[in-house]
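Data first, discussion second: the structure below is written as structure tokens.
We're numbering straight along the sequence, starting at 1.
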Amino acid sequence: MDRAFERTKILTDHLLQSSPSPVRTSLSSNACFNYTLPELSEKYAFDTKEMRRLIDGHHLEVRDRLFGMMSQSKLFNPRVRGGKVFVSPDYNQPMEQQREITLKRIDYLFDRGAFKGWLTEQGEEIELRKFASFEVFGTFDHSMGTMLAVHFFLWGGAVQVFGTKHHHDKWLRDTETHVVKGCFAMSELGHGSNVRGVETVTTYDSNTQEFVINTPCESAQKFWIGGAANHATHAIVFSQLNINGSNQGVHAFIAQIRDADGYLCQNVRIADCGRKIGLNGVDNGRIWFDNVRVPRENLLNSVADVSADGKYLSSINDPDQRFAAFLAPLTIGRVSIATSTVYISKAGLTIAIRYALTRRAFSLKPNEPEVLLLDYPSYQRRLLPLLAKTYAMSFASHYLKKLFVKRTPQSYKTIHIFSSAFKATFTWNNLHILQECREACGGQGLRTENHVGQWKAEFDVQSTFEGDNNILMQQYGRNNETYGLNMLTQISKALLAEYVAAKKRKKAFNGLGLEHMNKPCPVIPSQLTSTALRSSQFQMDALCLRERDLLNRFAAEISHYQAKGLSKEHAFNMSNSDSTSVHQSYQIAEDLGRAFTDQSIFQAFAEAEATLAASSLKDVLGMVRSLYGLICVEDASFLRYGYLSVENAAAVRSEITKVCGELRPHALALVSSFGIPDAFLSPIAFNWIDANS
């Protein structure tokens, strides 16, 4: 009764606004938490603008102009939170509205000349400008970036690469101005990975000089075709070409699927793929062709052609070589995914680290202030290695872009291998980074307005489109349930082929970064000091040692089964199922793919560091490089195959913790160097108290 009386007295005093009685003294609280801008306490030891120039690499002014163009329009959903304006899609809209607003945003960018010259100009400058632009567009919305990639890189790129002059003259300018809205009809319900097995069939009618495209069964329906459900007017259709009863393999045709008013063309049926876990601004559709006729000129004929009287013509007689020549140039999709996904990792880490520099939790002693999240070693260990990994990916993406824009027919294989490796690794890393950032932001990471949680769903698709990551890193055909291409060669098998060729010729290794195998095998010291662990030379030696040894093991494993009369492909499968093998080749292939990628990324990072003169910027970047090298060497394979002793592995882990502590004062400067405008981040990256008032 005494407690009930006390509560009643408190309520009475409150309602009557009478003087508080002495019992209310127990209700007094501590001072409210106040937000403090991290820039007021975190000092910059280097020029962040100079660091941005280094990690962005090119077209900073184009990026900034596009960021500004989007932030100035109401189409990009500006809203005020905590006194700041933020722009981002409204992911809570119905799917149909998300699709319509995505198209309106794209039209807005077309109207302002954002894509001028993208298909009608040539050269390294325009291609690098496209890559820079895609990195910006994807930072705002992956749906918008994907729709543009389908239109320009897949549809437009196919016309450029597979077509000849009359195709270029007829289609490229209208594509660049959005008069034509293109899509890329390759994947089918029954065949995403195995493009050579697609079931769509095209025949030739010499009487009318037309090709006739058919979907012969339900598994042949085109599936996951971006832009097809609502907006695309034309499609690149991948189909078996049957001439006079003889199948000539997969070819590409231009087919109109809608008229200028948006109505379906005769004998074309389209259905919606429905709502997805993310990317709902993209209208993925399914397409059936029922005797759809297209002019003979609509065969994209850079590799093969059909004469007016129905004769099949190609300078490449071997079907395998013809198919390889047909698909070899289509690496731009993987290059663009690999390079643009790095920007999302940058944005996610910027949000999480800025939040961790202002959010406090728990006091170490009574009556002391609570501790900033990023001052906890566990938080540093979670976020700062991922920051180092993102810097490393940035430098590796520069290498990949330069490799692509300087491409020649002789370099297609190299581009294919590096784009496969980097696409798989970067997109996996991105999902890991976003998951860790989501958790590091606690409950705030679940809110769509704070991005990191939503981005996980939006970018999850990258692990399977333009190539299933597991398959890209190992051995089989390029698995892709969104934009599938059969892999011409894969990382582990490509490295094996280089190895076998070098041994057979008895010549030095030359290509795919294997030149280190011409040198004496590196030796890891039995005892590793802090200085040695952090050195670029030790880290490079360790990564090269792993790649060299795994390639030797992989070659020996395959050779063992080939000696028993099995083909290379059967040898791989047999060794997978042989439980007597200590390290089965499936595991070796997986570890070899990762070893190749880690070594390649590290080399790009080390080369970027080496270009800098002595300065505070180089000192900090050197710490970031050291951290990246250490987390590579921390990989379980270094223990699994005996490259590191248990004691040295423990030393590596201990050194990582030390480097994280030393990098902590530079965390804000490092994420600020990414140069992502405030409006494209989220409320918890700034005054999250006012934003929730």
Would you check if there is a donor-acceptor pair between the side chains of [Y] and [X] at a distance under 3.5 Å?
{"X": "His59", "Y": "Glu125", "answer": "yes"}
{"X": "Asn430", "Y": "Ser345", "answer": "yes"}
{"X": "Ser239", "Y": "Thr200", "answer": "no"}
{"X": "Ser463", "Y": "Trp428", "answer": "no"}
{"X": "His191", "Y": "Arg196", "answer": "no"}
{"X": "Ser246", "Y": "Asn244", "answer": "no"}
{"X": "Asn291", "Y": "Asn214", "answer": "yes"}
{"X": "Glu135", "Y": "Ser340", "answer": "no"}

Rounded distance [0.5 Å steps], [atom1] in [X] versus [atom2] in [Y]:
{"X": "Asn284", "Y": "Lys276", "atom1": "CG", "atom2": "NZ", "value": "4.0 Å"}
{"X": "Phe323", "Y": "Ile316", "atom1": "CZ", "atom2": "CD1", "value": "12.5 Å"}
{"X": "Asn247", "Y": "Gln240", "atom1": "CG", "atom2": "CD", "value": "4.5 Å"}
{"X": "Glu176", "Y": "His151", "atom1": "CD", "atom2": "NE2", "value": "9.0 Å"}
{"X": "Lys222", "Y": "Thr215", "atom1": "NZ", "atom2": "OG1", "value": "8.0 Å"}
{"X": "Thr341", "Y": "Phe422", "atom1": "OG1", "atom2": "CZ", "value": "14.0 Å"}

Side-chain donor/acceptor of [X] to backbone N/O of [Y], under 3.5 Å:
{"X": "Ser143", "Y": "Gly281", "result": "yes"}
{"X": "His167", "Y": "Thr164", "result": "yes"}
{"X": "Asn301", "Y": "Ala304", "result": "no"}
{"X": "Lys130", "Y": "Trp118", "result": "yes"}
{"X": "Arg173", "Y": "Asp169", "result": "no"}
{"X": "Lys423", "Y": "Gln462", "result": "yes"}
{"X": "Arg286", "Y": "Phe223", "result": "no"}
{"X": "Glu188", "Y": "Glu199", "result": "yes"}
{"X": "Gln209", "Y": "Pro295", "result": "no"}
{"X": "Arg296", "Y": "Val306", "result": "yes"}

Close side-chain approach of [X] and [Y], heavy atoms under 4.5 Å:
{"X": "Phe554", "Y": "Ser492", "answer": "yes"}
{"X": "Trp288", "Y": "Val268", "answer": "no"}
{"X": "Phe289", "Y": "Arg269", "answer": "no"}
{"X": "Leu550", "Y": "Gln587", "answer": "no"}
{"X": "Ser206", "Y": "Tyr204", "answer": "yes"}
{"X": "Arg322", "Y": "Ser314", "answer": "yes"}
{"X": "Leu512", "Y": "Ile417", "answer": "yes"}
{"X": "Phe253", "Y": "Leu241", "answer": "yes"}

Problem set entry | Check against side chain to side chain contact (heavy atoms under 4.5 Å, CB included), Phe509 and Tyr499 | CA-CA 8 Å; Phe509 288 92; Tyr499 179 95; 3.9 Å; yes
Aromatic ring proximity, centroids under 6.0 angstrom, [Y] and [X]:
{"X": "Tyr312", "Y": "His251", "result": "yes"}
{"X": "Phe238", "Y": "Phe184", "result": "yes"}
{"X": "His142", "Y": "Trp455", "result": "no"}

Exercise. Charged N to carboxylate O below 4.0 Å: is that the case for Lys503 and Glu498?
Worked result: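 Looking at Lys503 and Glu498, the cut-off is not met.
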Exercise. Is the closest basic N to carboxylate O distance between Asp460 and Lys456 below 4.0 Å?
Worked result: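 No.
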Exercise. Which residue pairs satisfy the salt bridge (charged side-chain N to carboxylate O under 4.0 Å, His left out) criterion with at least one member in residues 98-108, sequence neighbours excluded?
Worked result: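 Listed once each, the pairs are Arg99-Asp272.
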For this session: Quickly, which of Lys402, His58, Lys406 forms a side-chain hydrogen bond (donor to acceptor under 3.5 Å, both in side chains) with Glu124? Name it, please.
Result: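 Only match with Glu124 under side-chain hydrogen bond (donor to acceptor under 3.5 Å, both in side chains): Lys406.
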Problem set entry | Of Tyr108, Phe110, Phe152, the residue whose pairing with His178 passes ring pair (Phe, Tyr, Trp, His ring centres under 6.0 Å) |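 The single option meeting the ring pair (Phe, Tyr, Trp, His ring centres under 6.0 Å) with His178 is Phe110.
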Exercise. Which residues pass the side chain to side chain contact (heavy atoms under 4.5 Å, CB included) test with Gln98, sequence neighbours left out?
Worked result: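 Listed in chain order: Tyr91, Gln93, Arg275, Asn280.
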For this session: Sequence neighbours left out, what passes ring pair (Phe, Tyr, Trp, His ring centres under 6.0 Å) with Tyr399? Give chain and number order.
Result: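 By the ring pair (Phe, Tyr, Trp, His ring centres under 6.0 Å) rule, Tyr399 matches Phe418.
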